[in-house]
Student: 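Dumping the structure here so I can ask a few things about it.
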There are 2 protein chains.
Amino acid sequence: MNTRTALLDSAELAIRQRGYNGFSFADMARDVGIRKSSIHHHFPTKADLALQLIDRYAAQFESALSEIDANKVAAADKLRLYQGVYRDALSGGSQLCLCVALSASRESLADPVLTRLNQFHENSTDWLQRTFTAAAQDLSVSGLMDANAEAHATLALLEGAQLMARAAANTDPFDRATAAFLSRLSATRNN
Amino acid sequence: MNTRTALLDSAELAIRQRGYNGFSFADMARDVGIRKSSIHHHFPTKADLALQLIDRYAAQFESALSEIDANKVAAADKLRLYQGVYRDALSGGSQLCLCVALSASRESLADPVLTRLNQFHENSTDWLQRTFTAAAQDLSVSGLMDANAEAHATLALLEGAQLMARAAANTDPFDRATAAFLSRLSATRNN
DNA sequence: GTCTATAATGGGATAGAC
DNA sequence: GTCTATCCCATTATAGAC
């Protein structure tokens, strides 16, 4: 495999498991099997690496959302899949999704990284708002409020639930926190 | 003022603004006006300091909840006050409440600190569950689901909303994320 | 209780050979 | 692209004088 890709993979896993401050060039070098000074050839600074990491992640996430949208299913089904993405990312409570991990490490991030992070959050709430607006049409979600409020609440709920589960090193808090949300989604329906 | 108290205050503010890794003995020493080696007289290690900090915080929080309970108001009013605690702690987006800041810095915490943190989360969900159970009696909250699920969802929502707002350095995401929650609470009623 | 002085460690980054 | 060697900095922590 590409050394550059191996470095990105190592960094992403470390950040998701131990946070931005828990990832160091020394650790990555040991992981990949090169010396730490060699990393600077691929990524001049730590901020450069973080920037490319979040860009790669955002692209993957966008494509995951497109895939969800490609299926012509009810809005409730899309929201169920969206919750599943966050639940899967937890890996049983051992890691966060990259965006939550970076949000939690805000104080250590360079400005350009912070900008991309907020862009990521905006893209997420935009997609959620569109989906909740669709739900108001297909009536697949119960107790609907304003779509913008629902979108922000859903993102906060899922990110907060990840944080709780990671603190407890257990999926349980995530499942409890999202149970009420899931129960508002109507049963799957192949329209 | 007590040097010990001044050190705790300085540490708490630093952690809430910049995270657990953004607080150092050097910074505290400058804040308080002593040399950093003198800090070890009051707190042998950084973990000792963190432990005493979270204990102090948990005691303050418990007393705030008792004060909320002391007023014989509807459950919805108590939940509104609870949301207000988290909103006020944000200080316009410049800091988190200590428990969220520590949750976000999980990877750097010593085991005893992590234990207290999870204890704090349990106390919080217990109080919320009792309050949602009361809401099922006084009918002051609309769209009620299972009290345990509501409790975990509310804590995750508030902590996640703080995280979003801190990332954006703005209260706005917090207000949007909690708007739907607030709208479920019936208007104030002096019973 | 506070000071000076000093470990001991680990972090990101650079220069220059190969 | 990767290496060795080195730099510079910040961090927590300790010893011992006052």
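The figures that follow rest on heavy atoms only: side chains count, while hydrogens, waters and symmetry mates do not.
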Student: At under 4.0 Å, does any side-chain N or O of His42(A) touch on OP1 or OP2 of dT2(D)?
Tutor: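 Yes, such a contact exists.
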Student: Check if the side chain of Thr3(B) and the base of dT2(C) share a donor-acceptor pair of N or O atoms closer than 3.5 Å.
Tutor: no
Student: Among the candidates dT2(D), dC3(D), dG12(C), find the nucleotide nearest to the side-chain atoms of His41(A).
Tutor: dT2(D)
Student: Give a yes or no on whether the backbone of Ile54(A) and the side-chain of Arg116(A) come within a donor-acceptor separation of less than 3.5 Å.
Tutor: no
Student: Taking atom types as modelled, is there a side-chain donor on Gln95(B) or Arg18(B) under 3.5 Å from an acceptor on the other?
Tutor: no
Student: Among the candidates dC3(C), dC3(D), dG12(C), find the nucleotide nearest to the side-chain atoms of Ile34(A).
Tutor: dC3(D)
Student: Which part of the nucleic acid does Phe23(B) contact within heavy-atom distance under 4.0 Å: base, sugar-phosphate only, or nothing?
Tutor: sugar-phosphate
Student: Tell me the interatomic distance from Phe25(B), atom CZ, to dT12(D), atom P, rounded to whole angstroms.
Tutor: 6 Å
Student: Of the nucleotides dT2(C), dT2(D), dG11(C), which one has an atom closest to the side chain of Lys36(A)?
Tutor: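 For the Lys36(A) side chain, the nearest candidate turns out to be dG11(C).
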Student: Can you label the angle between the Phe23(B) ring and the Phe25(B) ring as parallel, tilted or perpendicular, going by 30° and 60°?
Tutor: tilted
Student: Which part of the nucleic acid, if any, lies within reach of Ser24(B) when heavy atoms closer than 4.0 Å are counted: base, sugar-phosphate only, or nothing?
Tutor: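 The answer is sugar-phosphate, as Ser24(B) gets under 4.0 Å only of primed atoms, P, OP1 or OP2.
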Student: What nucleic acid atoms does Thr45(B) come within less than 4.0 Å of, heavy atoms only: base, sugar-phosphate, or nothing?
Tutor: sugar-phosphate
